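Notes to accompany the following structure.
Quick caveat: nothing in here was measured; it's all calculated off a predicted structure.
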Amino acid sequence: MAALSWWLLAAPLWVPAAGLSCYGDSGQPVDWFVVYKLPAQTWSGDAAASRGLRYKYLDESSGGWRDGSGSINSSEGAVGRSLLPLYRNHSSQVAFLLYNDQPPKPSKAQGFSSRGHMKGVLLLDQEGGFWLVHSVPRFPPPASSGAYSWPHNAQTYGQTLLCVSLPLAQFPMIGKQLTYAYPLVYDHKLEGIFAQKFPDLEEVVKGHHVLHEPWNSSTALTSQAGTVFYSFAKSGRFGDDLYSGWLAAALGSDLQVQFWQHSSGILPSNCSGTHQVLDVTQIGFPGPSGPTFSATEDHSKWCVARGGPWACVGDMNRNQQEQSRGGGTLCAQMPALWKAFQPLVKAFEPCG
């Protein structure tokens, strides 16, 4: 009996009964995780081969940010391990969509500017799967490449990746959200029963999108372990900033937003509405080793409510061009997520 009791105490808090899911740095299934790939120059003492490949890791049981288990380009870490089925299993029992406005092999014919400014992966079988929302250009490699890897061009700047494990019943809602955002799908497998069950995903693959109002949509998604995430997606015809034009009011909170600072037409902090939207200028992780870095070194896209309890990870910046492009973010009211992200804000641009 003592041995059995010890096993129960040592067992993971949650393991999916079946189906694909996110995998954590521990090598075990997790309900969700966030990986924050750190900018290269924050680790100036590293060997050249590992510079720009270190990351921080967070899940519901990690107790806050932890150092990643290795390099972001390793198939043993959370991101690589979660994506392994994409490169190992091409049976009719698995479906996937890879979308990225900066795909691994860009083509002039793809018309990036009209598509959503968004990046992500859907990977599922007949029991469930996961949604990986991220900020990484030219990632991940297409299934035909046969192996997971991290793109060299994504080593210099910071990047964020949020993975959520979901039951099969949640994927029709994701399909509907993607019809608003109009992603550029560069690789997919959606056959047989999957094409029948998820007609909106089929429309997304074909490049179809919403053609009438409303131009934005939000929906609740319940993870495999019962955690509620909220997806916010807008069409390019929404014609406004995701954060100051919608999200702050929807969440009922002032927002601090981290985004790519090197694009043209950056929108300044906005205090004209009921809720302030403030551009983050400096990020810092807790602990003596930090690291702390400028938002100009960071390509990640996330926001956090100043007073709690909301935190969001997505794929949109605050600039003039993206007011007329599709995209979105994934938010949750989780103390573990908010308490991890809120202290990262070390400085922000005040309203003029």
Side-chain angles (χ1 to χ4, degrees), residues 22-28 30-47 49-83 119 130 132-137 139-140 148 150-151 154-165 256-261 280-304 310-315 329-332 334-347:
C22 308
Y23 273 76
D25 259 3
S26 65
Q28 298 297 315
V30 294
D31 194 42
W32 59 269
F33 71 72
V34 180
V35 160
Y36 205 130
K37 206 286 294 181
L38 298 167
Q41 68 182 55
T42 62
W43 299 91
S44 56
D46 286 355
S50 61
R51 193 168 299 160
L53 297 174
R54 293 183 181 268
Y55 64 93
K56 295 287 186 177
Y57 174 83
L58 172 75
D59 66 29
E60 60 186 344
S61 60
S62 65
W65 297 105
R66 293 180 179 177
D67 288 339
S69 62
S71 296
I72 192 71
N73 64 346
S74 169
S75 58
E76 298 299 312
V79 179
R81 191 181 296 270
S82 298
L83 289 174
K119 302 169 175 67
F130 64 79
L132 178 67
V133 176
H134 67 85
S135 65
V136 189
F139 178 83
Y148 169 79
W150 185 264
Q155 292 186 25
T156 302
Y157 297 102
Q159 309 286 351
T160 39
L161 306 95
L162 167 63
C163 187
V164 181
S165 301
Q256 296 168 317
V257 187
Q258 158 57 32
F259 61 95
W260 180 236
Q261 296 281 342
V280 172
T281 58
Q282 188 176 52
I283 300 96
F285 281 83
S289 61
T292 297
F293 46 92
S294 168
T296 59
E297 300 170 52
D298 199 349
H299 189 256
S300 67
K301 296 97 169 55
W302 53 268
C303 69
V304 63
W310 290 99
C312 311
V313 178
D315 36 36
T329 193
L330 201 53
C331 304
M334 275 189 291
L337 198 61
W338 183 80
K339 289 178 181 178
F341 272 96
Q342 207 285 325
L344 297 185
V345 180
K346 297 305 180 187

- Take Val79 and Ile72, measure what side-chain contact (heavy atoms from CB on, under 4.5 Å) needs, and give me the verdict at the end. CA-CA 7 Å; Val79 179; Ile72 192 71; 4.1 Å; yes

- Take Tyr23 and Gln28 through the side-chain contact (heavy atoms from CB on, under 4.5 Å) test and state the conclusion after the steps. CA-CA 5 Å; Tyr23 273 76; Gln28 298 297 315; 5.6 Å; no

- Message: Between Ile283 and Gln258, is the side-chain contact (heavy atoms from CB on, under 4.5 Å) condition met? List the steps.
- Response: CA-CA 9 Å; Ile283 300 96; Gln258 158 57 32; 3.3 Å; yes

- Message: Using side-chain contact (heavy atoms from CB on, under 4.5 Å), reason through Phe341 and Trp310 one step at a time and then give a plain yes or no.
- Response: CA-CA 10 Å; Phe341 272 96; Trp310 290 99; over 6 Å; no

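Cys312-Cys303 SG separation is not under 2.5 Å; the pair is not scored as a disulfide.
The backbone N or O of Leu337 sits nowhere less than 3.5 Å from a side-chain atom of Lys339 that would complete a donor-acceptor pair. A donor-acceptor pair is defined here as one N or O able to donate and one able to accept, closer than 3.5 Å; no such pair exists between the side chain of Ser75 and the backbone of Tyr148.
Salt bridge status for Arg54 with Asp67: absent, with no side-chain N to carboxylate O gap under 4.0 Å.
A centroid separation of 6.0 Å or more is found between the aromatic rings of Trp32 and Phe130.
Partners of Tyr57 by side-chain hydrogen bond (donor to acceptor under 3.5 Å, both in side chains), not counting sequence neighbours, listed by chain and number: Asp59. Scanning for side-chain hydrogen bond (donor to acceptor under 3.5 Å, both in side chains) contacts around Thr296 gives Ser294, with sequence neighbours left out. By the side-chain hydrogen bond (donor to acceptor under 3.5 Å, both in side chains) test, Ser300 is found to be paired with Tyr36, Asp298, Trp302, residues two or more places apart in sequence or in another chain being considered. By the side-chain hydrogen bond (donor to acceptor under 3.5 Å, both in side chains) test, Gln256 is found to be paired with no residue, residues two or more places apart in sequence or in another chain being considered. With sequence neighbours excluded, the residues forming a side-chain contact (heavy atoms from CB on, under 4.5 Å) with Ser69 are Asp25, Tyr55, listed by chain and number. Checked against salt bridge (Lys or Arg N to Asp or Glu O under 4.0 Å), Lys37 has no partners two or more places apart in sequence or in another chain.
Counting heavy atoms from C-beta outward, Gln155 and Leu53 have side chains that approach closer than 4.5 Å. In this structure, the side chains of Arg66 and Lys56 stay at 4.5 Å or more apart for every pair of heavy atoms.
Ring geometry for Trp150 versus Phe139: interplanar angle of 30 to 60°, hence tilted.
Looking at Val133, Val313, Val136 one by one, the single match for side chain to side chain contact (heavy atoms under 4.5 Å, CB included) with Leu161 turns out to be Val136.
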